[in-house]
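Any value given below was found using the heavy atoms of this structure, including those in side chains, with hydrogens, waters and symmetry copies removed.
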Amino acid sequence: MRGRTLSAGIALAVFAGMTVPLAAQPATASPPTATTVTRPIAASAAALAAPDISITNVQAHLTQFNAIATSNGGNRRAGSAGYTASLNYVKTRLQSAGYTVSEQYCSSCRYPSNNLIAEWPGGPADQVVMFGAHLDGVAAGPGINDNATGSSTLLENALVLAAQNPTVTKRVRFAWWTDEEQGLNGSRFYVNSLSATQRGYIKGYYNFDMVGSTNGGYFINRVTSTTAAPLKAYWDSLGLQPEENVEGQGRSDDYYFQQAGIPTSGYAAGASARKTSAQAAKWGGTANSAYDPCYHRSCDTTANVSATVLNRAADGVAYALWQLAVGGGTPTCTGGQVVGNGGFESGSTPWTASSGVITNASGQPARSGSYKAWLNGFGSTRTENLSQSVTLPAGCATYTLSFWLHIDTAETTSSTAYDRLTVQAGSTTLATYSNLNAATGYVQRSLNVAAFAGQTVTLRFTGTEDSSLQTTFVIDDVTLQAS
């Protein structure tokens, strides 16, 4: 985990529409120790399908990372030989398991090096759940709790998913980030490389950073959010009473996903902050001592990991993954046209429009039928709107918003956009047209709205005119086709 808190504010994000069955809570679990391994209780009947992740296998990955550090100057810092060997270890295992694996070179990182992205082939491409952990450590030591624990937890979960090969209802993507310790640079580079559409495909990002602290607690990022529900449900089933990850806010790779509007959550067991008496009473361990006494130190070796804490995190990841992405098959695309009264021939319903916008006035012809939406054309300062709320089905291959647009104008410029028509889905601007796009007759415009698959959004057309020389925007035959 990065050592300095970012100053930028954090806005809570919610994974809308996800429901997770919560289990009845059993008696409080026995306090964790560094050597006792407890097999988790299934959080609900649905969780019975989720696999038990072998703590022995996770620990074997930790041993490999420790050996890699030992052979490469004692650390796995981003850009070092130890980091490259760590990436190759993970990459080789994933490729053998059947993942589509790619490396992304982070040219803006302090220590330029590669992120590793692995995607399981299955599920709709526009419905992605993503699990990530930083693969790099600090120069002071081998970085086993920070963060070989998160990296190994995800690696073993990925291998188990491949071995079981269940039918998936969402696309599952794993990521191992570089240069986290220098300022979250690898994950920031990745998020910045995504288009708005690609970001919209990611329905939840789950981050795992330091999940085996020897004096650890049970912390969840944005614990009360809908996104966190499957992670919390599993730990609730063990009576662990997880808390908000206050220490880790803004300090790990979920940060830039969250800033991009992607719903986030994740597990953590704590870093240099001290365990309170109340936390020691419910979780065990030592009050007023650091969750990880070897945080960013040379003693962060395989001896610096609680097997119990790590096991509960690994199985919680499996539970969440199965809840979010495993089911009876890829959702059937219901498809079809989702815009109502797109030709405006049935009155104004379900449109909401400025007065007089939906009209059969003869001054501008409809493309088909008698009615159209006529925005602006006054030659004075004016804003007019046309909007409709639509629900896009999930699981389709394409989502296309199409409409026919006629623009005429009295503006004489060939270089300045004085009057504009803005097309939006929710708060996202899809396209902007202006007096510079004036043409004889109607022109069909088509826009990709796949980023909003499975969501209800408001389609909005906003025409704005300046103080002189009219521009008219006429819209007809609006469709949003999912197929």
Side-chain angles (χ1 to χ4, degrees), residues 195-197 199-200 337-390 392 398-452 457-481:
S195 67
T197 297
R199 292 178 186 180
Q337 146 73 324
V338 301
V339 168
N341 188 24
F344 307 104
E345 302 297 322
S346 302
S348 61
T349 304
W351 294 99
T352 299
S354 300
S355 177
V357 162
I358 297 176
T359 179
N360 63 351
S362 60
Q364 290 286 347
R367 176 183 174 270
S368 62
S370 301
Y371 284 81
K372 67 276 176 178
W374 178 351
L375 290 84
N376 304 107
F378 292 89
S380 59
T381 302
R382 192 177 183 95
T383 298
E384 294 192 317
N385 293 286
L386 172 73
S387 65
Q388 181 178 145
S389 178
V390 297
L392 284 67
T398 62
Y399 300 82
T400 303
L401 171 64
S402 178
F403 55 94
W404 291 82
L405 175 63
H406 168 57
I407 303 175
D408 69 31
T409 186
E411 300 283 1
T412 58
T413 179
S414 60
S415 60
T416 305
Y418 289 112
D419 311 313
R420 293 179 174 84
L421 177 72
T422 302
V423 185
Q424 294 175 292
S427 61
T428 301
T429 298
L430 303 174
T432 300
Y433 308 97
S434 74
N435 49 281
L436 300 178
N437 302 114
T440 302
Y442 282 86
V443 177
Q444 187 176 32
R445 307 290 185 175
S446 296
L447 304 171
N448 180 4
V449 290
F452 306 96
V457 296
T458 297
L459 297 179
R460 187 180 307 277
F461 300 84
T462 303
T464 57
E465 232 177 332
D466 71 354
S467 59
S468 64
L469 299 179
Q470 72 85 24
T471 299
T472 296
F473 303 100
V474 189
I475 300 166
D476 205 356
D477 298 324
V478 183
T479 63
L480 199 167
Q481 188 75 28

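In Y371, the OH atom is not crowded: 12 or fewer heavy atoms of neighbouring residues, nucleotides or ligands sit closer than 6.0 Å.
To the nearest 0.5 Å, atom NZ of residue K372 and atom CG of residue D476 are 8.5 Å apart. Interatomic distance, Q364 CD to H406 NE2, rounded to the nearest 0.5 Å: 4.5 Å. Between the CG atom of L436 and the OG atom of S414 there is a distance of 7.5 Å, given to the nearest 0.5 Å. Within the model, atoms CZ of F461 and CG of L386 stand 6.0 Å from one another, a figure rounded to the nearest 0.5 Å. Distance OG/S467 to OH/Y418: 10.0 Å, rounded to 0.5 Å.
Within the 4.5 Å cutoff, side-chain heavy atoms of Q388 are placed close to those of V339. Taking 4.5 Å as the limit, every side-chain heavy atom of V357 sits out of range of all side-chain heavy atoms of W374. Side-chain contact between V449 and Q481: absent, with no pair of heavy atoms (C-beta onward) separated by less than 4.5 Å.
The closest side-chain donor-acceptor pair between Q444 and S402 falls under 3.5 angstrom. N376 and T472 share no donor-acceptor pair across their side chains, judged by distance under 3.5 Å alone.
The two residues N437 and R445 come nearest to each other via the heavy atoms CB-NH2, 4.2 Å. In plain terms, the two heavy atoms of S387 and T458 that are nearest each other are CB-CG2, 3.9 Å. Shortest non-hydrogen contact noted between N435 and T409 is CB-OG1, 3.6 Å.
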Self-check item: side-chain contact (heavy atoms from CB on, under 4.5 Å) assessment of F344 paired with V478
Solution: CA-CA 9 Å; F344 307 104; V478 183; 4.1 Å; yes
Practice problem: Give the intermediate values and the outcome of side-chain contact (heavy atoms from CB on, under 4.5 Å) for residues L447 and V423. | Solution: CA-CA 10 Å; L447 304 171; V423 185; 4.1 Å; yes
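Results of the side chain to side chain contact (heavy atoms under 4.5 Å, CB included) test with L480 over T400, L392, V457 single out L392 as the only residue that passes. A side chain to side chain contact (heavy atoms under 4.5 Å, CB included) with D419 is found for exactly one of L469, T471, I407, namely T471.
Taking the six-membered ring where the residue is Trp, Y433 and F403 present perpendicular rings, their angle passing 60° and hence far from 30°.
Listed for the S348 side chain is no donor-acceptor partner under 3.5 Å among the backbone atoms of W351.
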